[in-house]
Amino acid sequence: MTFPGAKTEILVCSPHPVIREGLVSIIDRDPVLTVAGDAGTGDALVELARTLRPSIVVTAHVPPALDAMRISAALGRGTDPRGRPRVVALVGDLDHRELLEMIQAGVRGIVLEDMISSELTSALRTVASGLMVLGVPAIDSTFQQILIHMPSDVRGLAEEFRMLTKRELEVLAHVARGKSNRRIAADLCVSEATVKSHLYHMCRKLNVTDRAQMVVMAYEFGLVSPAKAAAC
């Protein structure tokens, strides 16, 4: 439980003591963040998280994708999603497949290991607020590649998608293909303001905070097929 004025508690994990100490120092200097503990392995982190119940865990492993996904999965077992720590991974470089797998595994923040300290703490505050952070260069291009290569696992529409209107579903299909608001407006013969309004209402109905999360949901539930994205 978080009380007014309380700091966001974070656990830090890295096999390298110098990196752990550096992260602890950076995070503890932030006025709204605090390090509740640190660990040298993913297993130790999971055990510590079950005891301390932090809001966020930060991992700095090599390879980052594998450990971040394993930690995210372990933290989620038998845990109420509302109380599950959000995983933030520090990475050097990722290919499209690794990025996709990390997102699907529930990693909520993917940030570059060479970012400056203020960018890191800003990313942690953003994740703590409930948003997703994907601090990877050329993320729009990366997402388009993700959408093209994502496997088509059609499991039927989620209840949230059934709340979308026919026009909103059309807008979502265009968004999933990487089109800008201006291009979508032109294709659907509506104004940009109308497109933005549709996106706002869609985010509320789907309980997401940005178009990236919306697109991931659309592909996970087979609403838009990779073949169609690749053809655009």
Side-chain angles (χ1 to χ4, degrees), residues 1-94 98-99 101-137 139 207-210 212-213:
M1 183 177 296
T2 301
F3 297 94
K7 291 188 175 184
T8 298
E9 294 191 343
I10 297 173
L11 294 185
V12 171
C13 184
S14 173
H16 307 292
V18 172
I19 294 178
R20 289 203 308 274
E21 291 171 10
L23 289 171
V24 169
S25 177
I26 290 170
I27 294 169
D28 272 342
R29 289 201 301 266
D30 189 274
V32 300
L33 306 175
T34 187
V35 176
D38 63 271
T41 67
D43 291 338
L45 174 71
V46 171
E47 289 303 313
L48 197 58
R50 287 171 177 163
T51 301
L52 299 179
R53 301 181 67 183
S55 296
I56 296 174
V57 299
V58 178
T59 72
H61 284 73
V62 179
L66 180 61
D67 265 12
M69 289 186 290
R70 187 171 63 85
I71 289 169
S72 179
L75 290 172
R77 293 193 193 104
T79 305
D80 185 336
R82 293 170 295 181
R84 184 183 306 171
R86 301 178 180 95
V87 177
V88 174
L90 271 64
V91 303
D93 190 23
L94 291 176
E98 289 174 317
L99 179 56
E101 290 174 347
M102 290 176 77
I103 293 171
Q104 289 182 317
V107 177
R108 306 308 294 167
I110 303 172
V111 297
L112 294 177
E113 60 187 13
D114 60 355
M115 66 169 41
I116 62 176
S117 58
S118 61
E119 292 174 329
L120 173 60
T121 52
S122 175
L124 293 175
R125 290 195 301 271
T126 298
V127 172
S129 73
L131 302 178
M132 177 184 285
V133 172
L134 299 177
V136 181
I139 191 66
N207 194 29
V208 297
T209 55
D210 55 43
Q213 292 174 288

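Residue numbers count from 1 along this sequence.
- In this structure, Pro54 and Glu9 approach most closely via the heavy-atom pair CB-O, 3.5 Å.
- The distance from atom CG of Leu45 to atom OG1 of Thr59, rounded to the nearest 0.5 Å, is 8.0 Å.
- Of the possible polar contacts, none joining the Ser14 side chain to the Ile19 backbone as a donor-acceptor pair under 3.5 Å is found.
- Look at Arg125 and Asp30 and you find a salt bridge, because one of the NZ, NE, NH1 or NH2 atoms lies within 4.0 Å of a carboxylate O, short of that distance.
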Working for side-chain contact (heavy atoms from CB on, under 4.5 Å), residues Leu120 and Leu23: CA-CA 9 Å; Leu120 173 60; Leu23 289 171; 3.7 Å; yes
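- Heavy atoms only, all atoms of each residue included: Asp38 and Leu48 are closest at O-CD2, 3.7 Å.
- Between the side chain of Ser122 and the backbone N or O of Ser118 there is no donor-acceptor pair closer than 3.5 Å.
- Between the NZ atom of Lys7 and the CG atom of Asp28 there is a distance of 7.0 Å, given to the nearest 0.5 Å.
- Contacts classified as side chain to side chain donor-acceptor pair (under 3.5 Å) and involving residues 40-49 (residues at least two apart or in different chains) are given here: Asp43-Arg70, Glu47-Arg50.
- Here the closest non-hydrogen pair linking Ala60 and Pro15 is O-CD, 3.6 Å.
- Looking at Val88 and Val107, their side chains never come closer than 4.5 Å, going by heavy atoms from C-beta outward.
- Side-chain N/O atoms of Arg29 and Ser25 include a donor and acceptor closer than 3.5 Å.
- The side chain to side chain contact (heavy atoms under 4.5 Å, CB included) test with Ile27 is passed by exactly one of Ile10, Thr34, Ile56: Ile10.
- Contact check for Val35 versus Leu11: no side-chain heavy atoms found under the 4.5 Å cut-off.
- By the 4.5 Å heavy-atom criterion applied to side chains, Val111 and Val91 are not counted as neighbours.
- No donor-acceptor pair closer than 3.5 Å links the side chain of Arg108 to the backbone N or O of Arg86.
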